[in-house]
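What you see below is based on every heavy atom in this structure, not just the backbone, and it leaves out hydrogens, waters and symmetry mates. Computed from a prediction, not measured in an experiment: that's the story for all the values here.
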There are 2 protein chains.
Amino acid sequence: MSGARRKVNNTHDSEILRGLHAAIIDLVEEINRPSRDERLVAEAGIPLDRALFPLLASVARYGPVGVVEVADRTGRDHTTISRQMTKLEELGLIERRASATDKRVREATVSAKGQKMVTALDAARERLANRILVSWTDAELDDLRRLLRRFADDLMR
Amino acid sequence: MSGARRKVNNTHDSEILRGLHAAIIDLVEEINRPSRDERLVAEAGIPLDRALFPLLASVARYGPVGVVEVADRTGRDHTTISRQMTKLEELGLIERRASATDKRVREATVSAKGQKMVTALDAARERLANRILVSWTDAELDDLRRLLRRFADDLMR
DNA sequence: GCTCAATATGTGCATATTACACATTGATTC
DNA sequence: GAATCAATGTGTAATATGCACATATTGAGC
């Protein structure tokens, strides 16, 4: 960059943006498809309510976390998350206890049983991915990863 | 390629796959966030039920389409789509009539009013995108578009 | 220390979203 | 043309979600 004038892109090529949007919509709808979760569950050999999936993943990724933090991340009401966390706890997939520093917060972490399920799901996902992505090189995948990471960060910023 | 041995990738670098998955999850959750639709609706100055959004877009993109085709695309039950299509029709955003070639199918197309809304939403989305993507060059965006298009196609195949 | 606004969690109730069972109508197969 | 399949729709129930409100705890200001 040095002293060079950095071009600021106030407007982008409409055609590129539309194509990008179409690809995003296709991806999101494919990921949201209930049958995908079912296939993943079948591959992992594990039963889990569809709505609880992202929650368990969120606790595994960010735990220990409280209800409000998870609610903020997912954009849903905290009461919804509260109920679903209770379900996860009843299923023995997460454990909760009052935080040492703030007794209002009931920190959630994945239990041993929950971790086993997360690990099984990760492995199943990787097997499915490898089956789907045979035509990709690692370099191409890493390009996509890097660009998508940047895009998601800009979106969330 | 020519005569060169094309390497088939039965397994990819786990770290790349995990990073890619994390980016995808972040993107999908960001897109699914209800507040995004609200912001878009506010930007476009148009009121539309959150659940009807993707449906109107689907009709606009693939129309004329029947209930079952849309249901297959979105992965939801056809009865759900049937009711939502009825709502869209009552709102005057789509029009339906029996197909000439198959009278079982009630082909749906966007109405003039619906098209106006789709256009307004597209414009609003583009404005928001340009605001978010100032640090991107068109070439980078096109790279992302191309890779994501290929990825989504492989996923849907 | 005391008061008060802000924060984290949870419950009661209403609504929204969705699916399953079943019916109807039209197409297709043999 | 009888049997079967496909597209659409209705009745009903289950699930998911949000809003209003309540409780417990924290932290800020006095």
Side-chain angles (χ1 to χ4, degrees), chain A residues 28-29 31-38 41 47-59 62-91 94-109, chain B residues 28-29 31-38 41 47-59 62-91 94-109:
Chain A
V28 169
E29 294 200 334
I31 299 287
N32 282 339
R33 194 174 289 258
S35 58
R36 279 201 76 76
D37 291 338
E38 286 160 21
V41 161
L48 180 55
D49 233 1
R50 182 162 58 90
L52 302 182
F53 252 87
L55 225 39
L56 179 61
S58 199
V59 174
Y62 298 107
V65 282
V67 167
V68 168
E69 182 177 346
V70 175
D72 285 344
R73 287 191 188 285
T74 58
R76 277 173 299 178
D77 197 86
H78 76 273
T79 60
T80 301
I81 305 298
S82 174
R83 281 175 243 263
Q84 291 176 338
M85 294 273 264
T86 302
K87 272 192 202 169
L88 278 181
E89 194 176 22
E90 285 167 355
L91 291 170
I94 66 171
E95 289 161 354
R96 291 197 288 179
R97 55 166 195 178
S99 161
T101 58
D102 186 340
K103 273 185 283 193
R104 291 171 305 178
V105 180
R106 295 221 293 147
E107 291 176 336
T109 49
Chain B
V28 169
E29 294 200 334
I31 299 287
N32 282 339
R33 195 174 288 258
S35 58
R36 281 200 76 76
D37 290 340
E38 286 160 22
V41 160
L48 181 57
D49 234 1
R50 183 163 56 91
L52 302 181
F53 251 87
L55 223 42
L56 180 60
S58 198
V59 174
Y62 298 108
V65 281
V67 167
V68 168
E69 182 177 344
V70 175
D72 285 344
R73 287 190 188 286
T74 59
R76 279 174 296 178
D77 196 87
H78 77 274
T79 61
T80 301
I81 305 299
S82 174
R83 280 175 242 262
Q84 291 176 337
M85 294 272 265
T86 301
K87 273 193 200 167
L88 278 181
E89 194 176 21
E90 284 167 355
L91 290 170
I94 65 171
E95 289 161 354
R96 292 198 287 180
R97 55 167 196 178
S99 160
T101 58
D102 186 339
K103 274 186 282 194
R104 290 172 305 180
V105 180
R106 294 221 293 146
E107 291 176 336
T109 49

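- Residue B/R83 has its side chain nearest to D/dG11 when only D/dT17, C/dG26, D/dG11 are considered.
- Residue B/V68 places its side chain closer to D/dA7 than to any other of D/dA7, C/dT9, D/dT26.
- Looking at heavy atoms from C-beta onward, B/D49 lies out of side-chain contact with B/L91 at the 4.5 angstrom threshold.
- When the P atom of C/dG10 is taken as reference, atom NZ of A/K87 falls 15 Å away, rounded to whole Å.
- In this structure, A/R76 atom CZ and D/dG18 atom P are separated by 7 Å, rounded to whole Å.
- Note: CZ (A/R33) to P (C/dT18) measures 14 Å, nearest angstrom.
- Nucleotide D/dT17 holds its P atom 14 Å from the CE atom of A/M85, rounded to whole Å.
- The shortest non-hydrogen separation linking A/V70 to A/S58 is CG1-OG, 4.3 Å.
- In this structure, of C/dT17, D/dA7, D/dT25, it is D/dT25 that holds the atom nearest to the side chain of A/R104.
- The minimum heavy-atom distance linking A/P54 with B/E29 is given by the pair CB-OE2, 3.9 Å.
- B/R97 has its CZ atom 19 Å from the P atom of D/dA7, to the nearest Å.
- In this structure, of C/dG10, D/dG9, C/dG26, it is C/dG10 that holds the atom nearest to the side chain of A/H78.
- Note on B/T80: every side-chain N or O is 4.0 Å or more away from OP1 and OP2 of C/dT18.
- Side-chain atoms of A/D77 lie closest to D/dG18 of the nucleotides D/dG18, C/dC20, D/dT26.
- In the set C/dT9, C/dA27, D/dC19, the nucleotide with an atom closest to the side chain of A/T79 is D/dC19.
- A straight line from CD of A/E69 to P of C/dT7 spans 15 Å, rounded to a whole angstrom.
- Residues A/P64 and A/E107 share a closest heavy-atom pair of CB-CB, 3.9 Å.
- For A/V67, whose side chain is taken as the heavy atoms from C-beta onward, the closest listed nucleotide among D/dT25, D/dA16, C/dG10 is C/dG10.
- With contacts defined as side-chain heavy-atom distances shorter than 4.5 Å, the pair A/V67/A/R96 qualifies.
- The side chain of A/S82 places an N or O atom within less than 4.0 Å of a non-bridging phosphate oxygen (OP1 or OP2) of C/dG10.
- Within the 4.0 Å cut-off from OP1 or OP2 of D/dA6, not a single side-chain nitrogen or oxygen of B/R106 is found.
- Per the geometry, CD belonging to B/E90 stands 12 Å off P belonging to D/dG9, to the nearest Å.
- Closest to the B/V105 side chain, of the nucleotides C/dC13, C/dT18, D/dA7, is D/dA7.
- Nearer the 5' end of DNA chain D, as judged by each residue's closest nucleotide, is the contact made by B/G66, out of A/A51 and B/G66.
- Listed nucleotides D/dT10, D/dT17, D/dT25 differ in distance to A/K103; the shortest reach to its side chain belongs to D/dT25.
- Ranked by how close their nearest DNA chain D nucleotide is to the 5' end, A/R50 and A/A100 are led by A/R50.
- Interatomic distance, A/I94 CD1 to A/K87 NZ, rounded to the nearest 0.5 Å: 12.5 Å.
- In this structure, CD of B/Q84 is placed 15 Å from P of D/dT8, rounded to the nearest angstrom.
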